[in-house]
Amino acid sequence: MDDFADRLRAAPQSRLQRGAATEALELARELARRAQLVEEPGTQPREMPDAGMFAAADQIVVAAHDLALVLTDEGQVEQAVGLVEEARKRAGV
């Protein structure tokens, strides 16, 4: 996850505009959603706002760290790592 965030930070604006930032935001939102479902079961998860393409890397880091704090099952951790890897590949960074 940190590697993906670092690659996003180093990516040119044109790459971010071609979809890398959108992919990153979608990942951050999914990670945040999963964390909220664990922390607040039975409530509707709030959607992470779009803070702009240059903030997408930081949003991933925050959401991933929040999720890591609440996961207790290794299978869930592996799923989250898989989500990050898939998003990195789709983002092309």
Side-chain angles (χ1 to χ4, degrees):
M1 172 274 310
D2 287 328
D3 181 56
F4 182 26
D6 289 342
R7 288 173 181 259
L8 285 167
R9 289 184 188 107
Q13 183 174 349
S14 60
R15 168 94 29 106
L16 295 174
Q17 290 173 323
R18 284 193 309 263
T22 300
E23 189 64 48
L25 177 60
E26 288 177 17
L27 172 64
R29 285 177 170 167
E30 178 59 21
L31 297 175
R33 184 189 74 78
R34 289 176 182 229
Q36 290 177 56
L37 289 173
V38 173
E39 289 180 306
E40 302 169 357
T43 63
Q44 181 70 22
R46 297 165 305 282
E47 183 174 80
M48 180 177 280
D50 183 347
M53 75 175 111
F54 298 113
D58 294 326
Q59 288 181 290
I60 289 173
V61 172
V62 169
H65 283 267
D66 285 351
L67 182 59
L69 289 173
V70 299
L71 293 183
T72 56
D73 178 82
E74 187 154 332
Q76 292 174 323
V77 173
E78 289 175 8
Q79 283 182 333
V81 169
L83 289 174
V84 172
E85 278 304 306
E86 291 169 13
R88 185 191 62 76
K89 288 176 187 172
R90 286 191 302 270
V93 294

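Values below: all heavy atoms of this structure, side chains included; hydrogens, waters and symmetry mates excluded.
- In this view, Glu40 and Arg46 satisfy the salt bridge (Lys or Arg N to Asp or Glu O under 4.0 Å) rule, not counting sequence neighbours.
- Put simply, Val70 and Met48 are part of two different groups of oily side chains (I, L, V, M, F, W, Y) that touch within less than 4.5 Å, one to the next.
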Distance-only donor-acceptor pairs under 3.5 Å for side chains of residues 86-93, two or more places apart:
| from | atom 1 | to | atom 2 | distance (Å) |
| --- | --- | --- | --- | --- |
| Arg88 | NE | Glu85 | OE1 | 3.4 |
| Arg88 | NH1 | Val93 | O | 3.3 |
| Arg88 | NH2 | Glu85 | OE1 | 3.2 |
| Arg90 | NE | Glu23 | OE1 | 3.3 |
| Arg90 | NE | Glu23 | OE2 | 2.8 |
| Arg90 | NH2 | Glu23 | OE2 | 2.8 |

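- Rounding to the nearest 0.5 Å gives a distance of 11.0 Å between CG of Leu25 and CG of Leu8.
- For the salt bridge (charged side-chain N to carboxylate O under 4.0 Å, His left out) condition, no pair includes a residue of residues 11-22, sequence neighbours left out.
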Which pairs would a plain distance check flag for residues 50-69, meaning a side-chain donor or acceptor within less than 3.5 Å of a matching protein atom at least two apart in sequence or in another chain?
| from | atom 1 | to | atom 2 | distance (Å) |
| --- | --- | --- | --- | --- |
| Asp50 | OD1 | Gly52 | N | 2.8 |
| Asp58 | OD1 | Arg9 | NE | 3.4 |
| Asp58 | OD1 | Arg9 | NH2 | 2.7 |
| Gln59 | NE2 | Pro49 | O | 2.7 |

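- Expressed to the nearest 0.5 Å, how far CD of Glu39 lies from CD of Gln36 amounts to 7.5 Å.
- Although no hydrogens or angles enter the test, the distance criterion places no donor-acceptor pair under 3.5 Å between the side chain of Arg29 and the main chain of Glu47.
- Grouping the Ile, Leu, Val, Met, Phe, Trp and Tyr side chains by contacts below 4.5 angstrom, directly or via other members, places Leu37 apart from Leu71.
- Residue pairs that meet the side-chain hydrogen bond (donor to acceptor under 3.5 Å, both in side chains) test with at least one member in residues 72-81, sequence neighbours left out, do not exist here.
- Two residues are said to be in side-chain contact when any heavy atoms from C-beta on lie closer than 4.5 Å; Glu26 and Thr22 meet this criterion.
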